[in-house]
Amino acid sequence: MSDYIAIFVTASSGQEADTIAKDLVGSRLVACANIFPEIRSVFRWKGEVQNEREVFLMMKSRMSLFDRIEQRIRELHSYEVPEIVAVPLIKGSPPYLDWVGEETTD
């Protein structure tokens with residue numbers, strides 16, 4: 001199961017999140033994307049504390065596809081330094097993980 005990952009990305013808007021999600025699912029780099037419509041992010045950027053509304057994406061894929069996923073997100077994303085992080089799925093429902101594997105392609 002170590003090849004399966006969840007990828008977290010924040011976006012500036014629902015439209016940007018939707019564009020990223022549809023592109024990555026359509027190209028079979030991720031099996032699915034969940035879009036959480038509004039979150040509040042507090043972070044330091046260029047020496048100033050920021051408090052921004054963002055949209056959160058959680059996507060499921062395989063570790064072997066991460067570099068391609070990251071590259072594509074960077075091409076589509078409006079941020080200078082977008083959040084693109086992956087965490088390994090250490091356990092999951094075998095039928096669901098099988099589906100993730102079937103829906104993603106190298």
Side-chain angles (χ1 to χ4, degrees):
M1 287 191 205
S2 62
D3 188 40
Y4 296 103
I5 57 175
I7 303 149
F8 304 138
V9 175
T10 52
S12 64
S13 68
Q15 182 178 1
E16 183 171 66
D18 194 58
T19 297
I20 292 168
K22 287 179 178 175
D23 185 276
L24 293 177
V25 171
S27 63
R28 300 184 68 116
L29 291 174
V30 303
C32 69
N34 306 109
I35 300 173
F36 298 79
E38 186 176 313
I39 62 169
R40 171 117 5 232
S41 295
V42 178
F43 55 95
R44 183 176 297 279
W45 180 248
K46 297 187 178 183
E48 299 289 327
V49 175
Q50 307 294 318
N51 187 348
E52 300 289 335
R53 289 185 176 142
E54 294 184 297
V55 175
F56 182 77
L57 285 145
M58 179 176 64
M59 300 172 280
K60 278 68 75 185
S61 189
R62 294 183 284 137
M63 183 66 79
S64 59
L65 296 173
F66 180 80
D67 291 342
R68 290 173 54 199
I69 293 166
E70 178 187 17
Q71 177 183 348
R72 189 63 185 139
I73 292 169
R74 287 183 183 281
E75 292 168 358
L76 296 169
H77 211 290
S78 63
Y79 291 173
E80 184 178 335
V81 181
E83 173 187 3
I84 309 168
V85 297
V87 295
L89 300 179
I90 57 171
K91 197 147 181 96
S93 168
Y96 179 78
L97 295 178
D98 289 345
W99 174 80
V100 170
E102 292 166 8
E103 293 302 319
T104 55
T105 183
D106 287 316

[Y] reachable from [X] in the ILVMFWY side-chain graph, under 4.5 Å edges:
X   : Y   : result
V25 : F36 : no
I39 : V9  : no
F66 : V85 : no
M63 : I84 : yes

Considering non-hydrogen atoms only, spot the tightest contact between [X] and [Y] and give its length.
X    : Y   : result
G101 : Y4  : N-CE2, 3.7 Å
V100 : A31 : CA-CB, 3.8 Å
V55  : A17 : CG1-CB, 3.6 Å
I69  : S61 : CD1-OG, 3.5 Å
A21  : A33 : CB-CB, 3.6 Å

Just so I know, are the side chains of [X] and [Y] near enough to count as touching, which here means a heavy-atom distance under 4.5 Å?
X   : Y   : answer
M59 : L29 : no
S12 : Y79 : yes
L65 : I5  : no
S64 : D3  : yes
V30 : R72 : no
Q50 : R44 : no

So, does H77 use its side chain to make a donor-acceptor pair with the main chain of E83 at under 3.5 Å?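 No; zero donor-acceptor contacts below 3.5 Å.
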
Set of residues satisfying ring pair (Phe, Tyr, Trp, His ring centres under 6.0 Å) with respect to W45, sequence neighbours excluded: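 Applying ring pair (Phe, Tyr, Trp, His ring centres under 6.0 Å) to W45 gives none.
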
Can you name the ring pair (Phe, Tyr, Trp, His ring centres under 6.0 Å) partners of F8, sequence neighbours left out?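 F8 satisfies ring pair (Phe, Tyr, Trp, His ring centres under 6.0 Å) with F56 only.
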
So, taking the atom named [atom1] in [X] and the one named [atom2] in [Y], what distance separates them when rounded to the nearest 0.5 Å?
X   : Y    : atom1 : atom2 : value
I35 : D18  : CD1   : CG    : 5.0 Å
C32 : K60  : SG    : NZ    : 3.5 Å
R68 : R28  : CZ    : CZ    : 11.5 Å
L57 : T10  : CG    : OG1   : 8.5 Å
W99 : T104 : CH2   : OG1   : 9.0 Å
I73 : I20  : CD1   : CD1   : 6.0 Å

Within a 6.0 Å radius of atom CD on Q15, are there more than 12 heavy atoms belonging to other residues, nucleotides or ligands?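 Atom CD in Q15 is not packed in, count stays at 12 or less.
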
Look at atom CZ of R53 and say whether more than 12 heavy atoms of other residues, nucleotides or ligands are closer to it than 6.0 Å.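 No, the 6.0 Å shell around CZ holds no more than 12 heavy atoms from other groups.
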
